[in-house]
2 protein chains.
Amino acid sequence: MAADPLSRVFAALADPTRRDMVARLTVADATVGELAEPYDVSVQAVSKHLRVLEDAGLVSRSRDAQRRPVHLEAEVFDLMTKWIERYRRQAEERYRRLDDVLRAMPDDPSPTTPREGTPS
Amino acid sequence: MAADPLSRVFAALADPTRRDMVARLTVADATVGELAEPYDVSVQAVSKHLRVLEDAGLVSRSRDAQRRPVHLEAEVFDLMTKWIERYRRQAEERYRRLDDVLRAMPDDPSPTTPREGTPS
DNA sequence: CGCCTTGTCAACCATTCGGTTGAGAAATGC
DNA sequence: GCATTTCTCAACCGAATGGTTGACAAGGCG
C-alpha cells in the first residue's frame, strides 16, 4: 500500500464504488450494511472498500451496538485540492509567460532563426 | 484498466513518481529521457508511467526526431476539481443544516424524546 | 554506410487489488 | 441461554501494477 497520504487519498478515490460511497456519505452517515445495499457485491467487499477509505483518512467508523456507523471526514479533500491547485496554477503561470514571449516576438513570421541574407 | 475518465485521472496521480513528473511538466515540456533522469528506474518504466498519464489525458506526446517531447494537459485537473468541490460543498452544506438543527433545539439537555409528564 | 541515441514493445516477475467464501466476534433481544 | 443481526478477519483467486531485461524501430551524425 502506498505510504504517503496523498497517494492513499488519490488511490482511494480512483475506484467508482468508493467514490460513490463518499458521495453518499456527504448526505448522511451510514452503516456498512446500508452502504453495501445499492451495490451488487458482498458486505465483506464493502468493508474492504471502507478500510481503504479509512486508511486514506476520508472516513471514520464509530460504533453503535452491532452497527458501525461510517462518517465522512471531508477535510482530507483539502490535501488533494492543495496539490491540484498548486500545479494548476504553476501550469497557468507557465502559459502566461509563454504568451509574453510570443507577444514580444517580431510580427515577421520567419519560421526559424533566419540566418544571413534574405532568402530570395 | 479503469474505464471511466475520473478513475483514470485519480489512479494516475495515486503514484508519487507520476505526480512528480506532472509537477515537473508544469515548469516545462520534457523528453522521456529527461523525465527519467532523476528517478532510479529504467527508461522503460518511465515510458510506462507516461502511458498511464497519457491514458488519463494528463499528458500528450509529440515527436521531434528520436525524441518524444511530453506536454502537460492541465485542463484534466478540472475533472477532479469539479468532483471534489461538488462533494466538499455538499458535505459542508450538510454540516450547516446540522448546525441549524442543533441551534433550534431547546437548551434543555434531555437526552431523547421526552414523552408525557415531567420525570420527577 | 554503420553507429549511437532515444524510445517503445514484449515477455516475464512479484506484489497489490477487488472480489469471493467461510468462520467467528460482538451485541441485541426473545 | 440461544438465535439473530452486523460486521470483520483469513484464505484464496484472477486481473492489474510497477518493475525488470532483451529486442528492435526510428532518426540523426561521423
Side-chain angles (χ1 to χ4, degrees), chain A residues 1-22 24-25 28-56 58-72 112-113, chain B residues 1-22 24-25 28-72 112:
Chain A
M1 196 175 299
D4 66 299
L6 201 44
S7 295
R8 279 201 290 262
V9 182
F10 276 122
L13 294 180
D15 182 284
T17 303
R18 284 194 296 256
R19 271 200 312 279
D20 192 61
M21 292 197 244
V22 167
R24 290 168 58 208
L25 287 170
D29 292 359
T31 67
V32 178
E34 286 164 0
L35 280 171
E37 196 267 323
Y39 315 119
D40 196 25
V41 298
S42 64
V43 178
Q44 288 95 321
V46 171
S47 190
K48 279 194 184 183
H49 279 306
L50 283 171
R51 195 130 121 76
V52 175
L53 290 172
E54 192 175 29
D55 287 347
L58 276 161
V59 130
S60 66
R61 301 184 231 181
S62 45
R63 55 189 332 162
D64 165 35
Q66 314 101 310
R67 256 140 277 123
R68 232 70 82 262
V70 180
H71 177 76
L72 183 69
T112 24
T113 47
Chain B
M1 194 176 300
D4 67 298
L6 201 44
S7 295
R8 277 202 291 261
V9 182
F10 276 122
L13 294 180
D15 183 283
T17 303
R18 284 195 294 258
R19 270 200 315 278
D20 191 60
M21 291 198 244
V22 167
R24 292 169 55 208
L25 286 170
D29 292 359
T31 67
V32 178
E34 286 164 2
L35 281 171
E37 196 269 322
Y39 316 119
D40 197 24
V41 297
S42 63
V43 178
Q44 288 94 322
V46 172
S47 189
K48 278 195 183 182
H49 278 307
L50 284 171
R51 196 131 120 76
V52 174
L53 290 172
E54 191 175 30
D55 287 348
L58 276 161
V59 129
S60 67
R61 300 183 233 181
S62 46
R63 56 188 332 162
D64 165 34
Q66 314 101 310
R67 253 140 278 122
R68 236 50 101 263
V70 180
H71 177 77
L72 183 70
T112 26

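By convention in this document, chain letters (A, B, ...) are assigned in the order of the sequence lines, proteins followed by strands, and residues within each chain are numbered from 1.
If you check every strand for non-hydrogen atoms under 4.0 Å, Thr17(B) touches nothing.
At whole-Å resolution of the value, CG in Asp29(A) and P in dT6(D) are 18 Å apart. In this entry the distance linking CG of Leu50(A) with C1' of dG19(C) reads 15 Å, nearest Å. What separates CZ of Arg63(A) from P of dA26(C) is a distance of 8 Å, to the nearest Å. In this structure, Glu54(B) places its CD atom 13 Å from C1' of dG7(C), rounding to the nearest Å. We find that CG of Asp40(B) is positioned 12 Å from C1' of dG19(D), with the value rounded to whole Å. In this structure, CZ of Arg68(A) is placed 12 Å from P of dT6(D), rounded to the nearest angstrom. To the nearest angstrom, P of dT17(D) lies 10 Å from CG of Asp55(B). Here dG7(C) presents its P atom at 10 Å from CG of Asp64(B), a figure rounded to the nearest Å.
Proximity of Arg18(B) to the phosphate of dG18(D): a side-chain N or O atom is located under 4.0 Å from OP1 or OP2. Note on His49(B): a side-chain N or O is less than 4.0 Å away from OP1 or OP2 of dG19(D). The side chain of Ser47(A) contributes an N or O atom lying less than 4.0 Å from OP1 or OP2 of dT8(D). The side chain of Thr31(B) contributes an N or O atom lying less than 4.0 Å from OP1 or OP2 of dG7(C).
Among dG27(D), dT8(C), dT21(C), the nucleotide with an atom closest to any side-chain atom of Ser42(A) is dT21(C). Comparing atom distances between the Ala45(B) side chain and each of dG18(D), dT5(C), dG19(D) picks out dG19(D) as nearest. Closest contact between the side chain of Asp15(B) and the listed nucleotides dT20(C), dG18(D), dG18(C) involves dG18(D). For Arg61(A), whose side chain is taken as the heavy atoms from C-beta onward, the closest listed nucleotide among dG28(D), dT8(D), dT8(C) is dT8(D). Listed nucleotides dT20(C), dG19(D), dT8(D) differ in distance to Lys48(B); the shortest reach to its side chain belongs to dG19(D). Which of dT6(D), dC7(D), dG7(C) sits closest to the side chain of Val32(B) comes down to dG7(C).
At distances below 3.5 Å, not a single donor-acceptor pair connects side-chain atoms of Glu37(B) with backbone N or O atoms of Glu34(B). Using modelled atom types, no side-chain atom of Arg68(B) and backbone atom of Val32(B) make a donor-acceptor pair closer than 3.5 Å.
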Test log, rule side chain to side chain contact (heavy atoms under 4.5 Å, CB included), inputs Leu35(B) and His49(B): CA-CA 11 Å; Leu35(B) 281 171; His49(B) 278 307; over 6 Å; no
From CA spacing to verdict: side chain to side chain contact (heavy atoms under 4.5 Å, CB included), Asp20(B), Tyr39(B): CA-CA 10 Å; Asp20(B) 191 60; Tyr39(B) 316 119; 2.6 Å; yes
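Rounded to 10 degrees, the angle between the two end axes of the helix from dC1(C)-dG30(D) to dC30(C)-dG1(D) is 10°, with five pairs used at each end.
A salt bridge does not link Asp29(A) with Arg61(A): every distance from a Lys NZ or Arg NE/NH1/NH2 to an Asp or Glu carboxylate oxygen is 4.0 Å or more.
Interatomic distance, CG of Asp4(B) versus CZ of Arg19(A), reported as 5.0 Å (0.5 Å rounding).
Between Leu50(B) and Arg18(B), every side-chain heavy-atom pair lies at or beyond the 4.5 Å cut-off.
Side-chain atoms of Gln44(A) and base atoms of dG22(C) include a donor and an acceptor less than 3.5 Å apart.
Each of Leu53(B), Val59(B), Thr17(B) was scored for a side chain to side chain contact (heavy atoms under 4.5 Å, CB included) with Val22(B), with one residue passing: Leu53(B).
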